[in-house]
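Structure, as structure tokens:
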Amino acid sequence: MMTALGFGAPLVLWALLLLPVLWWLMRSTPPRPRDITFAPTRLLMTLAKREETPSRTPWWLMLLRLTLAAVVIIALAQPVLRPDAAPAAGDGPALILVDNTYGAAADWQIRQDTALRLIDEAEAANRTVILAGTADAAAPLTGRSPAEARDLLRSLEPEPWPAARAAFAARLGDIAAGSAAWLSDGLATDADADFWTALDTSTDGPVRVFSPEPGQIVGIAGAAPSADGMEVTLTADAYPGTLPRTVRALDPRGFVLAEGTATFAPGDTTATADLTLPTELRNDALRVTVAGERSAAAVRLLDERFRRRTVGLISGGALEQEQPLLSPLHYLSAALAPSSDVREPTALDLPGAIAELIDAGTSVIILADVGTLLPDTQDALARWINAGGVLLRFAGPRTSDGTDDLFPVPLRAGARTLGGTLSWSDPQPLSDFSDNGPFADLAVPSDVTVTRQLLAEPSLALTERTWASLADGTPFVTGRNVGGGWIVFFHVTADTSWSSLPLSGSFVEMLRHVVQLSSASADRSGEDGPSLPPYRVLDGTGRLVAPGPNVQPVAGEAVLGPRTPPGLYGADGAFRAINLLDDGETLASLNPDAFVGASLSRYTSDGPTELKGPLMTLAAALLLADALAILLLMGSFRRRVVASLAAGLLVTAGLAVTGAPPAAAQSSGAQSSGGPEAADPAAVTRSADIAFAMRASLQTRLAFVSTGNADVDRVSEAGLTGLSQALTARTAVEPSEPMSVNVETDELAFFPLIYWPVTADAPRPSDAAIARVDAYMKNGGTILFDTRDQAGSLSGSTTTAATMALRRILDGLDIPPLEPVPEDHVLTKTFYLLDAFPGRWSGSPLWVEASLGESRGDRPARAGDGVSPIIITANDLAGAWAVSPNGGFLLPTSPADPYQRELAYRAGVNIAIYTMTGNYKADQVHIPALLERLGQ
């Protein structure tokens with residue numbers, strides 16, 4: 001970038017013309033005076049009188065003094081080094097247009113600094129400023145004072161929508177500016193040519209255009225479900241280089257669910273990233289982001305339209321086992337598998353199969369050739385449809401014989417045959433997709449013919465509920481909205497016996513559009529659809545923030561702008577995502593060749609550099625050098641002394657120019673020479689923390705909370721030692737010796753399970769410790785609280801001192817609802833099959849986080865999403881596990897029953913394995929083995 005030198009007082013430079021005069025005055029110097037001691041008068045009489053001529057001034061001294069004078073003159077002219085082009089000329093207002101869009105978010109501060117320099121230029125020329133952000137199409141184009149323009153500039157911020165250049169092109173015709181500057185975001189739009197023409201014609205003086213380097217803006221052009229997770233498409237305004245971009249899927253709390261990388265091929269402006277996600281996690285994803293990008297374009301919001309639905313398939317026929325390829329479920333499963341999770345119930349009876357799918361939270365239930373349903377089953381399906389489910393039905397022989405109330409339209413009995421020897425009509429093709437249905441954006445397939453069909457009874461609602469028709473006008477697909485859900489009916493079978501639709505690619509798209517009806521219907525809100533209030537919106541940097549007061553509800557297609565920014569519209573759990581970039585949309589850079597006559601510049605973070613200070617420092621150094629030269633010529637010092645003094649002065653002057661404090665080196669040296677008494681206490685603490693982390697993380701260990709009571713801590717350590725030995729002997733887990741932790745100071749994240757014995761006098765931990773414990777529990781850790789007072793257990797009627805102490809400890813913690821371990825909980829079957837969890841005492845229940853779901857009779861273990869973060873008992877588990885150094889047991893059980901101690905060890909093994917492996921025993925793969933062990 002070219003640099004220019006400006007002067008705040010350029011008239012002072014005329015003083016440089018006086019340098020020749022100064023040279024003439026300094027070209028000679030009188031002889032050095034002689035120092036003599038006063039003598040009597042007779043000696044004065046003997047002095048010889050002679051006329052002496054002056055000697056010439058040395059050339060180097062003359063050059064030193066002329067340089068000193070020139071440096072002083074230039075410094076007084078207030079020179080300023082400018083990284084941009086020279087200040088713009090012109091007499092009228094200075095027009096400054098700033099693209100405060102998402103493309104400017106990454107380096108917004110640099111753009112503000114550039115605009116501030118332009119305002120300073122206008123102020124120096126006593127000109128007014130017309131400042132406007134192009135993201136607001138209605139921004140006023142009025143003259144302001146430089147101070148008002150600075151205030152307006154500070155209030156501008158990047159907005160999450162494109163620049164309104166078309167609107168400004170229509171408004172710039174009323175402006176008569178003396179100069180103009182356009183701080184562009186570097187992105188091209190369709191209105192660039194009109195905008196530039198209007199900007200150029202509205203300005204009498206020069207026009208400066210600032211733009212960033214191409215390839216700096218990366219956005220997300222689409223996120224599509226895939227078989228393993230999702231495929232994310234990135235787009236850039238120009239080839240951004242081969243540096244891989246990290247793409248992340250985040251849940252509503254901001255936790256990373258999956259990561260993938262995308263690399264742009266040389267010369268390409270698009271790239272894809274594959275993220276591996278199971279269905280459950282992918283349905284939790286709220287947004288996809290590009291790491292390191294601060295732009296709303298680099299954020300993709302996801303709503304119900306992206307969720308992978310679960311589809312249940314039920315067939316009324318019995319050909320699945322004999323001829324699977326002729327079954328309608330074969331075609332349905334093949335068409336739905338790429339985009340949905342297909343489930344088939346295990347129940348053999350129809351009511352049980354439907355109830356099983358409803359209980360499993362299925363989004364769509366497909367009934368292929370299922371005729372009349374029982375009243376109870378109809379009621380259950382009706383409630384499920386009202387709650388948002390989609391019932392998709394296909395015709396068939398059983399449907400021809402009779403129907404129930406769960407159809408979109410009344411049907412005629414018997415099927416209509418098209419073509420064949422006994423039919424006067426030919427097979428019919430599809431002719432039209434209704435604009436009111438979900439197939440409006442699909443092309444009508446030309447390869448589909450229908451040979452049999454169920455006809456609908458004529459009615460006033462038939463036309464409105466018909467989504468697809470045959471060439472003769474009869475309905476092919478009908479649908480009806482019921483509460484929050486839908487009932488959809490294909491008037492043909494799901495196999496190829498009545499039509500060729502299952503062999504067409506349109507079958508996949510039609511099923512996918514029907515499955516998407518199970519969302520919150522945000523994608524179906526047309527012009528007459530419901531208005532969705534703003535829930536969360538994106539700012540220019542890509543952050544989800546609360547909507548402002550000017551944001552309005554949306555209905556139908558949203559036009560991005562101040563009143564409808566990209567974001568989430570609707571309510572929590574049922575919202576519609578409006579993104580900045582449409583699917584497949586690409587970014588493009590500005591074409592600098594289109595701006596003929598403009599002064600093009602790049603943004604820079606360097607501002608004007610004042611040179612007056614360094615020049616005055618140099619002048620002071622030259623003045624010192626001149627003084628030393630005079631002393632040297634007078635012979636006042638020896639040359640060696642003068643040289644040493646000059647070197648010291650030059651070093652001092654150099655330090656003054658560079659700004660380095662001379663005392664820094666001394667203080668650094670003094671510090672480095674300090675002895676052990678200068679050790680930093682913080683460094684000692686850090687060393688202890690590192691040692692603790694290394695010991696806790698290199699091997700798997702159980703931990704116990706140090707209570708300060710030596711006896712209790714000794715039993716806790718001995719108990720966890722005995723449990724660790726049992727785990728090593730009985731399982732594949734080989735934990736090392738346990739460690740004690742202090743919840744006030746130690747990091748807890750290293751341990752899967754922490755045993756916390758509660759004493760009667762236990763104080764409440766500090767707020768910082770409570771926060772540390774709460775974070776440990778919320779991030780997957782489990783704490784086993786043991787009050788060791790079976791007589792005052794949580795289920796008893798009395799409250800002991802230890803229980804009161806536990807309540808003090810739990811005060812402030814975000815504790816979930818608790819319940820005694822149910823019979824079907826994973827803890828009862830993790831390693832051993834248990835129905836109780838005794839310790840030194842028995843009788844107190846083991847309390848865990850309450851499960852939100854109900855257990856099912858056909859499952860031997862209740863499934864859950866995670867491990868209980870808190871377990872509470874009063875049976876003194878550590879006392880039953882405790883072993884002495886000689887291998888014996890440290891404390892007796894009550895009653896003294898060896899089998900109770902064995903059960904206590906089994907309970908400890910189950911708890912330890914449960915905290916380390918989670919609820920894996922609730923998976924379907926373990927069901928046969930568990931059923932066999934349970935004798936079922």
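Starting from 1, each residue takes its place in the sequence as its number.
Using a 4.5 Å heavy-atom cutoff, the side chains of Pro475 and Ser469 are not in contact. Counting heavy atoms from C-beta on, the side chains of Leu580 and Leu538 never come closer than 4.5 Å. Side-chain contact between Val342 and Leu313 is present, with heavy atoms from C-beta onward closer than 4.5 Å. Between Pro438 and Leu517, the closest side-chain pair of non-hydrogen atoms falls below 4.5 Å. Between Asp274 and Val232 the shortest side-chain heavy-atom distance does not fall below 4.5 Å. Taking the side chain as every heavy atom from C-beta outward, Ile487 and Ile385 approach each other to under 4.5 Å. Considering only heavy atoms from C-beta on, Met510 comes within 4.5 Å of Leu501 through its side chain. Under the 4.5 Å side-chain criterion, counting only non-hydrogen atoms from C-beta, Leu411 is in contact with His491.
Between Arg343 atom CZ and Ser363 atom OG the span is 8.0 Å, to the nearest 0.5 Å. Expressed to the nearest 0.5 Å, how far CG of Leu454 lies from CZ of Arg393 amounts to 11.0 Å. One finds the CG atom of Leu373 at 4.5 Å from the CG atom of Asp404 (value rounded to the nearest 0.5 Å). Glu344 CD to Ser315 OG: the interatomic distance, rounded to the nearest 0.5 Å, is 9.0 Å. Atom CG of Leu350 and atom CG of Leu367 lie 7.0 Å apart (nearest 0.5 Å). Taking CG from Asp472 and CD from Gln428, the interatomic distance works out to 4.0 Å, rounded to the nearest 0.5 Å.
In this structure a side-chain-to-backbone donor-acceptor pair under 3.5 Å is missing from Thr449 to Pro427. A donor-acceptor pair under 3.5 Å links the side-chain atoms of Arg465 to the main chain of Pro408, judged by distance alone. Side chain of Arg287 to main chain of Leu302: no donor-acceptor pair is present (N/O by atom type, distance under 3.5 Å, no hydrogens or angles). Panel note: side chain Thr377, backbone Pro351; no donor-acceptor pair is recorded below 3.5 Å. Listed for the Asn481 side chain is a donor-acceptor partner under 3.5 Å among the backbone atoms of Gly485. When atom types are taken as modelled, the side chain of Ser868 and the backbone of Glu849 share a donor-acceptor pair closer than 3.5 angstrom. Between the side chain of Thr362 and the backbone N or O of Leu357 there is at least one donor-acceptor pair closer than 3.5 Å. The backbone N or O of Thr399 lies less than 3.5 Å from a partner atom in the side chain of Asp369, making a donor-acceptor pair. Remark: the backbone N or O of Glu585 is not paired with any side-chain donor or acceptor of Asp582 at under 3.5 angstrom. When atom types are taken as modelled, the side chain of Ser340 and the backbone of Ala337 share no donor-acceptor pair closer than 3.5 angstrom.
With sequence neighbours excluded, the residues forming a side-chain contact (heavy atoms from CB on, under 4.5 Å) with Ala291 are Thr246, Arg248, listed by chain and number.
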Check your understanding: Can you check side chain to side chain donor-acceptor pair (under 3.5 Å) on Gln453 and Thr474, steps first, answer last?
Key -> CA-CA 9 Å; Gln453 168 199 23; Thr474 56; 3.0 Å; yes
Practice item. Give the C-alpha distance, both sets of side-chain angles, the deciding distance and a yes or no for side-chain contact (heavy atoms from CB on, under 4.5 Å) between Leu286 and Leu568. Key: CA-CA 10 Å; Leu286 178 66; Leu568 302 175; 3.8 Å; yes
Point to revise | Full working for side-chain contact (heavy atoms from CB on, under 4.5 Å) between Thr466 and Ser434 | key: CA-CA 7 Å; Thr466 300; Ser434 172; 5.9 Å; no
**Study point:** Worked verdict on Phe394 versus Leu332 for side-chain contact (heavy atoms from CB on, under 4.5 Å)
**Key:** CA-CA 11 Å; Phe394 282 85; Leu332 291 171; 3.8 Å; yes
Practice item. Evaluate the criterion side-chain contact (heavy atoms from CB on, under 4.5 Å) for residue pair Val247 and Thr261; output intermediate values, then yes/no. Key: CA-CA 6 Å; Val247 181; Thr261 57; over 6 Å; no
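Nearest heavy-atom pair across Val492 and Ser499 is CG2-OG, 3.8 Å. Contact record, Leu532 with Gly570: CB-N, 3.9 Å, taken as the closest heavy-atom pair. Contact between Ala249 and Leu277 at its shortest, heavy atoms only, is CB-CD1, 4.1 Å. A pairwise comparison of heavy atoms in Ala577 and Asp303 identifies N-OD2, 2.7 Å as the closest pair. Closest heavy-atom contact between Val299 and Gly542: CG2-O, 3.4 Å. The heavy-atom pair separating Arg576 from Val554 by the smallest distance is NH1-CG2, 4.4 Å.
The number of heavy atoms from other shown groups lying within 6.0 Å of CG (Asp441) is above 12. More than 12 heavy atoms of other residues, nucleotides or ligands sit less than 6.0 Å from atom CD of Glu509.
Residue Ile365 forms a side chain to side chain contact (heavy atoms under 4.5 Å, CB included) with just one option from Val311, Leu392, Leu381, and that option is Leu381. Considering Trp486, Phe433, Phe476 in turn, Trp486 is the only one that fulfils the ring pair (Phe, Tyr, Trp, His ring centres under 6.0 Å) rule with Trp467.
There is a side-chain donor-acceptor pair under 3.5 Å between Glu356 and Thr346. Under the 3.5 Å distance criterion, with hydrogens and angles disregarded, no donor-acceptor pair is assigned to the side chains of Thr270 and Asp268.
No salt bridge links Arg253 with Asp284; every basic N to acidic carboxylate O contact stays at or beyond 4.0 Å. A salt bridge links Asp583 with Arg300: at least one charged nitrogen is closer than 4.0 Å to a carboxylate oxygen.
Ring centroids of Phe575 and Tyr569 are separated by 6.0 Å or more, keeping the two rings apart.
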